[in-house]
Amino acid sequence: MKRRERDNNDNIINFSNSLNFFVCRRRRTHRYFMIPLVSALAGTMLFCFALLSFLAPPPPPADTNNLLRLPRRSSLSEFENVGSNGDHEVVFRIPQNGGRLEQELWSSMMGRFYYGCSNASKNFTPAETKTEPHRYLVIATSGGLNQQRTGDWYISFLSKDVKIIKELPTHVNPHLTKAGTLYSIRVPRKCTADCYKTRVLPVLLKKRVIQLSKFDYRLSNKLEEDLQKLRCRVNYHALRYTNSIQEMGQKLVDRMRMKSKHFLALHLRFEPDMLAFSGCDYGGGKKESEELGAIRKRWKSLRTHSPEKERRQGKCPLTPEEVGLMLRALGFDSDVHIYVASGEIYGGEETLAPLKALFPNFYTKETIATMEELAPFSSFSSRMAALDYIVCDESDVFMTNNNGNMARMLAGRRKYFGHKPTIRPNAKKLYRVFMDRNNMTWEEFASRVRTHQIGFMGEPNEMKPGRGGFYENPAACVCEDSGRIAREGAGYMLSNENSNESNGEVNDDPPSDDEEWDYMEIEFRQQDKVLPNRTDSNSIVKPEQPVLEEIFSD
């Protein structure tokens, strides 16, 4: 048996040797014959390829590939287009249109069923009824936008509700302090009507003239309906900007309208002060940590928090890149025109580059107005903010990237005047989506963004009455047109009931009165070194330390 196997092996070896010899011999014998043949075949193939290239249709232009690759960046949340989940390669390619929501992007689905209603009821006591004559409350307001929206119209419009005077009469002088100043009271935060009756009224009766200082955020949301409606008459009807600000703001709106039928306004809020205050980490490494850390030292009462915890709780503003990805996922195409309301952006053009790559039609007041037009406003941050406020208010869609005063006021105003969409990022839920997106396809990413944004797109009743601040959720001043709902609202109630739900989970509402972000607490613990906002053009006041209420009120 062994001998037979050895013979077979020998046969195999002999056959292989014969084959090798045969092949080698044929190559030596016919090598000169093969060269012309190979050359002819190669020439024929080249001719065929050239003919196919000539006859084939041209490749599609780059934009029809419907893909976008963001510019690479070395800091501030660098994102890759290709990732891996361990099992297979995941390609994160951003399309030009991103996908669509189950609704019209440029208008509210149910907004037509609601309208602003702030008239006083018959039970509201008019201004003519003077219960305590010859007593005067002096209100010292703070915040950037307030000073531009008071004056003669404010006084006349509210004349039936509140008696307002420009100057104190001379007969009150004996009631001033020995230093000739007003007796000042700091009202507790979120003071209710009963709180004013027990804490403020007795002092007013005794002193006759008192000043309520630091008055913003000094009134509770828990007020009776007639007082809430008075707040709406003040916010949405009595306050007007000066003519010069209103006219320039309207010019900016008109110029945006000339560029496109619809436009989106974005309150970006990615300034160094805001980022430093947030205590969040934006991927800028040691350089970012040192720069923002130096700014944080200006506020000695500012507590240190875990950056990771702050982001999990939704307290970190989205980066410009994240904002752009979110808008694209919601369905806003690359040809959408965006007006960006913002101050100095941390990181400058490098930080803005991904957002501009996603939305090239990118505008600010500085790009659609001349330096000469902006000269009367450019030296005053509050005036520049007022121009942004007007454009954001008039935009078809407004997106806020933080929960500051300006964003809240705009959200409430847009609800009151017809429920124009206001997008609020559900940062608490989106945090994980942005963190994991390199491990998912674009389709998965966009689907999750759209799911988490249900209930955060500016539709009626997204927030329960009493939730959030009154300025952003003026529920007492928004009425339902039940007749129109009966005529046109088939299926409306079902849609409205589901507007706050996402895969069985109820989306988080913004912070309520008692849950406001920490900077609302800190701003009132600062020393009273607040310099007034200057509205004259002769001088510019620049305080040495930034005051939190000035930084974060807009």
Side-chain angles (χ1 to χ4, degrees), residues 75-77 142-146 214 216-217 266-305 307 310-311 314-320 322-323 340-352 355 364-366 378-389 392 400-410 425 427 516-534 540-554:
S75 63
L76 291 174
S77 66
S142 57
L145 298 177
N146 298 305
K214 294 280 188 179
D216 47 0
Y217 291 98
L266 169 63
H267 193 214
L268 194 52
R269 287 307 261 145
F270 208 71
E271 295 89 350
D273 286 335
M274 171 61 77
L275 303 190
F277 183 86
S278 72
C280 300
D281 183 357
Y282 295 94
K286 182 178 179 181
K287 180 174 182 290
E288 176 192 301
S289 178
E290 291 176 350
E291 291 175 346
L292 299 185
I295 298 175
R296 287 178 63 84
K297 292 179 181 178
R298 302 178 190 177
W299 304 301
K300 296 179 181 179
S301 59
L302 192 61
R303 297 189 297 270
T304 301
H305 298 284
E310 294 297 289
R311 185 169 289 276
K315 294 183 179 181
C316 299
L318 303 185
T319 67
E322 290 170 336
V323 168
V340 177
S342 180
E344 174 193 2
I345 298 296
Y346 180 66
E349 285 300 313
E350 182 185 5
T351 304
L352 288 173
L355 176 59
T364 65
K365 53 185 172 295
E366 289 82 6
S378 57
S379 297
F380 305 91
S381 61
S382 58
R383 295 185 185 183
M384 296 291 272
L387 297 178
D388 282 337
Y389 185 99
C392 291
T400 171
N401 193 27
N402 84 313
N403 211 27
N405 293 352
M406 178 172 168
R408 294 183 180 198
M409 287 290 292
L410 278 165
E516 290 187 59
W517 291 8
D518 291 338
Y519 67 76
M520 297 301 181
E521 292 285 352
I522 293 172
E523 63 179 311
F524 296 110
R525 293 202 297 267
Q526 304 301 307
Q527 297 179 354
D528 293 334
K529 296 181 180 178
V530 182
L531 295 177
N533 251 18
R534 298 298 301 267
I540 303 173
V541 177
K542 293 184 178 179
E544 294 181 1
Q545 285 191 342
V547 180
L548 285 179
E549 63 186 333
E550 293 294 332
I551 294 172
F552 301 111
S553 64
D554 299 341

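Residue numbers count from 1 along this sequence.
You'll find the side chain of Thr319 stays beyond 4.5 Å of the side chain of Thr351, heavy atoms only. For the pair Leu352 and Leu268, the minimum side-chain heavy-atom distance is below 4.5 Å. In this structure the side chain of His267 never reaches within 4.5 angstrom of the side chain of Leu410, judged on heavy atoms. The side-chain heavy atoms of Pro272 and Glu291, taken from C-beta on, include no pair separated by under 4.5 Å. Looking at heavy atoms from C-beta onward, Leu355 lies in side-chain contact with Leu266 at the 4.5 angstrom threshold. Counting heavy atoms from C-beta outward, Asp281 and Glu288 have side chains that approach closer than 4.5 Å.
For Arg269 (side chain) and Ser342 (main-chain N/O), no donor-acceptor pair under 3.5 Å exists by modelled atom type. In this structure, Glu310 contributes its side chain and Gly279 its backbone to no donor-acceptor pair below 3.5 Å. With hydrogens and angles ignored, the 3.5 Å screen pairs a side-chain donor or acceptor of Ser278 with a backbone N or O of Leu275. Checked by atom type and distance alone, the side chain of Asn401 pairs as donor or acceptor with a backbone atom of Leu318 at under 3.5 Å.
Rounding to the nearest 0.5 angstrom, the gap separating the CD atom in Glu366 from the CG atom in Leu387 is 9.5 Å.
Taking the six-membered ring for Trp and the full ring otherwise, the centers of Tyr346 and Tyr282 sit at least 6.0 Å from each other.
Counting all heavy atoms, side chain and backbone alike, Met406 lies closest to Asp388 at CE-C, 3.9 Å.
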